[in-house]
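First comes the structure, then the notes that go with it.
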Amino acid sequence: MHKPFSVIKVIRGKIVAKTMSTNPAYTLLTPEGWVGVKQESSESDFAIGSMVEADAENASSIKKIESPDLERKIEGFVEKNAKPHSASLLVDDDAMRKFTPALEKAAEAIARRLLQLTPVLIRFNDDCDGISAGVLVKNSVEKFVGEKNVPFPKGFLKNKQCNSAVYGSGEAVFDTEAMGATQFGRKPLLFLLDFGANEESVEGLALAKENFDIAVIDHHVYSENAKELASVFLNPLEFGGTSSHTTGLVAHEFAQRLSQGNENYARYSLQSDKSVFWDKAERKEALVLDFLAGQNLSLERYERALEKETQFHYLEANAKLNAAFEKALVSAKSESAGKAILVSANLEGVTAKNEFPPKGKVLNKIQEHFEKQNELAASVGFDSTTIQFRVSKPLHAKGFKATEIIGMVKKEFSGVNGGGHEQAAAMRFEKGHSRIILEKTLEFCRAKLTAVP
């Protein structure tokens, strides 16, 4: 009696990942999903993206092939699994409705990369909005690869805070060394959340583009040069939105379309950024995230802090913020300028560098205090190297914009950098020029305020 012949299962697919070895193991993407192939008695080192045929999962033979039909079938698998989810909008206005197709396109683009095991590095800005966006993106990526059973290797998803509004060349070099293309045989995906879309970031973005595909999610005034360097670019300002459409809100809508969102984090960002879409319900988590941001934590640690230590951190943060506000209020001055009031507050020494509260938080409370006296209020907070602005919503509606004042100052003085939102912005300059720049800034503000109808 003859024994039946054993059936050898040939595996044909595209290499989407491989181990760091002279004779690596491969992960192949096939029309049915992913298959791991180890080289038992074969020797090869094919590049990511190569189409190959292996004689078994423990291969004695792996060879490179060309098969347009196989490529079409693999593309069909990717297309089917990358389709974005439908989702309702948390802020359902004209701008976000116009934004929705771009959100769906972005979710599909990211999904396609994840299905092909593209590594991901999430960089997020150092405040509640940036952290909230980071948590939303991280969790949506994890949810997606879990639902689709994508065999994401350990170390393929990382995150790190960035403590600047600018993505500089130093950051690009750091990221490349930590998670660059040479480590993975392909360009990883780099998310920049709530920062990095300004003109000052272009040099860093250009350097990063050599090693990453860049996805920017932001709500600040952006540079077209920065936009051109991104493979995925999401900013509500492109669709008639404003800075009140926070990065956390945009990240939530993106996350919903990729896999899942979490409107709590979107609402934390709306509260922290004083968005007009904030429902005015105080959420302790928003202040806690701003408070903890100075500790430069990972997204996982921020999440754990909210789960276990919200009340403790909230009380500590509130006490420090109120103490700094009372100290700043002593020297704050207000003056009439037409129908409006102009507030100037010396923030030098009010709070320690790199500690909570940041001067912007203190200025928020100064602004709130004087808005109770006159709803047409603008506040200027200053120290030896920085001037910050806050503008009330009614005053902004009448045409007063902080970014316009910054533009005027930039034309007057070289070496002044800055920008931000029309109601909340800041500019920086070299120490030693603060007095003359402050005087000119207040002069411009008085002139504009006097002209307010």
Backbone N/O of T30 and side chain of R12: donor-acceptor pair under 3.5 Å: no
With respect to H245, which candidate in F239, F99, F277 satisfies the ring pair (Phe, Tyr, Trp, His ring centres under 6.0 Å) definition? F277
Show your working on salt bridge (Lys or Arg N to Asp or Glu O under 4.0 Å) between K227 and E238 and close with a plain yes or no. CA-CA 11 Å; K227 177 186 174 183; E238 284 198 280; 2.4 Å; yes
Those residues that, when tested against Q388, pass side chain to side chain contact (heavy atoms under 4.5 Å, CB included) (two or more places apart): K359, L363, T386, R390, A426
Would you please test R72 and E79 for salt bridge (Lys or Arg N to Asp or Glu O under 4.0 Å) and show each step? CA-CA 10 Å; R72 282 193 295 271; E79 183 177 349; over 6 Å; no
Heavy-atom pair of closest approach, residues L321 and P357: CD1-CB, 3.8 Å
Decide whether S44 and Y26 meet the rule of one side-chain donor and one side-chain acceptor closer than 3.5 Å. yes
Ring centres of F152 and W34 under 6.0 Å apart? no
Is the backbone of L306 close enough, under 3.5 Å, to the side chain of E285 for a donor and an acceptor to pair up by distance? no
Side-chain (T19) to main-chain (P24) donor-acceptor, under 3.5 angstrom: no
Which heavy-atom pair separates L90 from R267 by the least distance, and what is that distance? CD1-NH2, 3.2 Å
Applying side chain to side chain contact (heavy atoms under 4.5 Å, CB included), can you list everything that pairs with E303, at least two apart in sequence or on another chain? V135, K138, N139, Y265
If we count only N and O atoms by modelled type, under 3.5 Å, do the side chains of Q423 and K393 hold a donor and an acceptor together? no
Can a side-chain donor-acceptor contact be found between S61 and D55 if the only test is distance below 3.5 angstrom? no
Flag the pair E309 and R301 as a salt bridge only when some basic side-chain nitrogen lies within less than 4.0 angstrom of an acidic carboxylate oxygen. no
Hey, is D45 close enough to K18 for a salt bridge, meaning N to O under 4.0 Å? yes
Taking all atoms of both residues into account, what is the closest heavy-atom pair of A165 and N198, and its distance? O-ND2, 3.2 Å
Does a side chain donor of either Y302 or N159 reach within less than 3.5 Å of an acceptor in the other side chain? no
Should the ring pair H421 and H220 be called parallel, tilted or perpendicular, given that the plane angle runs from 0 to 90° and is split at 30 and 60? parallel
Can a side-chain donor-acceptor contact be found between S272 and D290 if the only test is distance below 3.5 angstrom? yes
Is S275 reaching over with its side chain to a backbone N or O of L270, donor-acceptor style, under 3.5 angstrom? no
Find out whether Y167 and L190 are in side-chain contact, i.e. whether some heavy atom of one side chain is under 4.5 Å from a heavy atom of the other. yes
Please report the shortest heavy-atom distance between K73 and P31, naming the atom on each side. CB-CG, 3.6 Å
Short question: side chain of Q183, backbone of A178 - any donor-acceptor pair under 3.5 Å? yes
Restricting to non-hydrogen atoms, name the atom on P188 and the atom on M179 that form the minimum distance, rounded to 0.1 Å. CG-O, 3.2 Å
Determine whether a donor-acceptor pair (N or O, by modelled atom type, separation under 3.5 Å) exists between the side chain of Q271 and the backbone of R283. yes
Tell me whether the rings of H313 and F291 are parallel (<30°), tilted (30 to 60°) or perpendicular (>60°). tilted
Hey, is the main chain of S169 close enough, under 3.5 Å, to the side chain of E203 for a donor-acceptor pair? no
Could you pull out the closest heavy-atom pair between A402 and F389, with the gap in Å? CB-CB, 3.6 Å
Using a strict 4.0 Å threshold on nitrogen-to-oxygen distance, state whether E368 and K274 make a salt bridge. yes
For a side chain to side chain donor-acceptor pair (under 3.5 Å) check, start with the C-alpha distance between D129 and S132, then their side-chain angles and the critical distance, and finish with the verdict. CA-CA 5 Å; D129 192 23; S132 296; 5.9 Å; no
Residues two or more places apart in sequence or in another chain: which of them pass side chain to side chain donor-acceptor pair (under 3.5 Å) with S42? Q39
Please report the C-alpha distance between V120 and R113 in whole Å, then the side-chain angles of each, then the deciding distance to 0.1 Å, and finally whether the side chain to side chain contact (heavy atoms under 4.5 Å, CB included) criterion is met. CA-CA 9 Å; V120 178; R113 287 171 168 83; over 6 Å; no
Backbone of S86 reached by a side-chain donor or acceptor of E104 within 3.5 Å: no
Tell me whether the rings of F184 and F156 are parallel (<30°), tilted (30 to 60°) or perpendicular (>60°). perpendicular
